[in-house]
Visitor: 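The following block contains the structure, expressed as structure tokens.
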Amino acid sequence: MYALIRPVSLSMARCELTHLARSPIDVTAAGRQHRRYAQALASLGCRLVELDSEPDLPDSVFVEDTVVVLDEIAVLARPGAASRRAEVASVAQALEGRRPSVRIEAPGTLDGGDVLRIGRRLFVGQSGRSNADGILQLAAAIAPHGYEVVPVPVRGCLHLKSAVTLVSPDTLLINDDWVDRGAWPGMRYVAVAPEEPLAANALWIGDAVVHGSSGPRTRDRLEAAGFRVLAVDVSEMEKAEGAVTCCSVIVDP
Ligand code: CIR
């Protein structure tokens, strides 16, 4: 397993913001946090593949949004924020030769942060970033490989995975204010602590769950449900509306 990552951009303070007011970002601290995050992934068995930094692309640390990687194919995204579209080229290059790839084309938009895979089904957030055309293009690209796309309405958050993430084969970590459970009958749920709306974003790797240290009450809930949680401080990334899943693309080689 390898993790595609990219260092924090020197221009991160100019990141896109949708639901948060701008607060000063300490790029040096963000870089330090990102290195610890990468170490956490390495400690869980991921080989790190680091892309070159992109000093002029403020949100480029959030590589998750640029691509959806399946065993059979990589779907290069077309991020909903125009300022982020130039991030895709270097990701495409890094994946060349590892997977056949297809691209989401205009007028479609798709952010990887909206794509939650559970087995052969990809749940895709109908968010401000991923439009109907992008979701249809994704469905058409992966249907030949036996995957189904299920669009999911979200409200009040940036991406589907701001609202819900998979933490085991049958358990979802969820903020019920931002998404309905109806898309996932039969799953088990851990709900975020009410005072931690941003804590539904967790990255499940092997026998552990990587989770932002800004969500201690939610971490308690995960641990009480039997999960091993690796808490990492991503507070500077959180000021840019990012969290733990967005800073990597985990690929099964
Ligand atoms: C953006 O608005 O695109 C960035 N500031 C944050 C992206 C976070 N990505 C993610 O959660 N997948």
Side-chain angles (χ1 to χ4, degrees), residues 3-27 30 33-34 37 41 51 53-69 75-88 91 104 109-117 122-131 134-135 138 152 154-166 173-175 178-179 192 196-205 210-212 214-215 232 234-251:
L4 198 64
I5 55 172
R6 182 179 344 247
V8 165
S9 172
L10 285 177
S11 60
M12 188 177 173
R14 288 189 273 115
C15 63
E16 293 283 338
L17 286 175
T18 308
H19 298 280
L20 278 189
R22 197 165 295 276
S23 61
I25 293 180
D26 179 339
V27 175
Q33 291 177 357
H34 187 260
Y37 167 84
L41 302 192
L51 298 163
S53 68
E54 292 275 17
D56 297 322
L57 296 176
D59 283 305
S60 52
V61 67
F62 302 124
V63 284
E64 169 181 67
D65 293 318
T66 60
V67 68
V68 176
V69 181
V75 180
L76 298 164
R78 183 167 180 271
S83 70
R84 300 201 54 192
R85 298 202 179 129
E87 295 173 27
V88 178
V91 172
I104 301 296
T109 62
L110 183 81
D111 274 19
D114 273 317
V115 180
L116 171 68
R117 182 166 84 85
L122 273 64
F123 296 86
V124 186
Q126 295 168 306
S127 70
R129 296 293 176 86
S130 299
N131 67 17
I135 296 174
L138 173 68
V152 180
V154 295
R155 51 184 179 267
C157 59
L158 187 61
H159 289 128
L160 177 63
K161 280 189 280 189
S162 320
V164 61
T165 50
L166 191 68
L173 177 63
I174 192 166
N175 175 337
W178 290 346
V179 69
V192 296
E196 295 172 355
L198 294 162
N201 187 266
L203 177 59
W204 168 35
I205 299 178
V210 180
H211 191 245
S214 60
V232 292
V234 286
S235 56
E236 297 301 314
M237 270 60 93
E238 286 166 357
K239 293 178 189 169
E241 290 192 290
V244 289
T245 66
C246 11
C247 294
S248 59
V249 178
I250 307 296
V251 180

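Remember, it's 1-based here, ligands and their atoms both numbered in the order they're listed. Quick caveat: nothing in here was measured; it's all calculated off a predicted structure. For this chain, numbers begin at 1 and follow the sequence in order.
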Visitor: State the CG-OG1 distance between N201 and T165, to the nearest 0.5 angstrom.
Guide: 5.5 Å
Visitor: Using a threshold of 4.0 angstrom between heavy atoms of the protein and any atom of ligand 1, which residues qualify?
Guide: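 For ligand 1, the residues that come within the 4.0 Å heavy-atom cutoff are E16, D59, F62, E64, D65, R84, G113, R129, L158, H159, A240, E241, G242, C246.
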Visitor: side-chain contact (heavy atoms from CB on, under 4.5 Å) with E238: which residues, sequence neighbours excluded?
Guide: S214, V234, S235
Visitor: With E196, which residues qualify under side chain to side chain donor-acceptor pair (under 3.5 Å), at least two apart?
Guide: T218
Visitor: Would you check if D111 and S130 make a side-chain contact, meaning some heavy-atom pair closer than 4.5 Å?
Guide: yes
Visitor: Indicate whether any N or O donor in one side chain lies under 3.5 Å from an N or O acceptor in the other, for T66 and E87.
Guide: no
Visitor: For S9, which residues count as a side chain to side chain donor-acceptor pair (under 3.5 Å) partner, sequence neighbours excluded?
Guide: S11
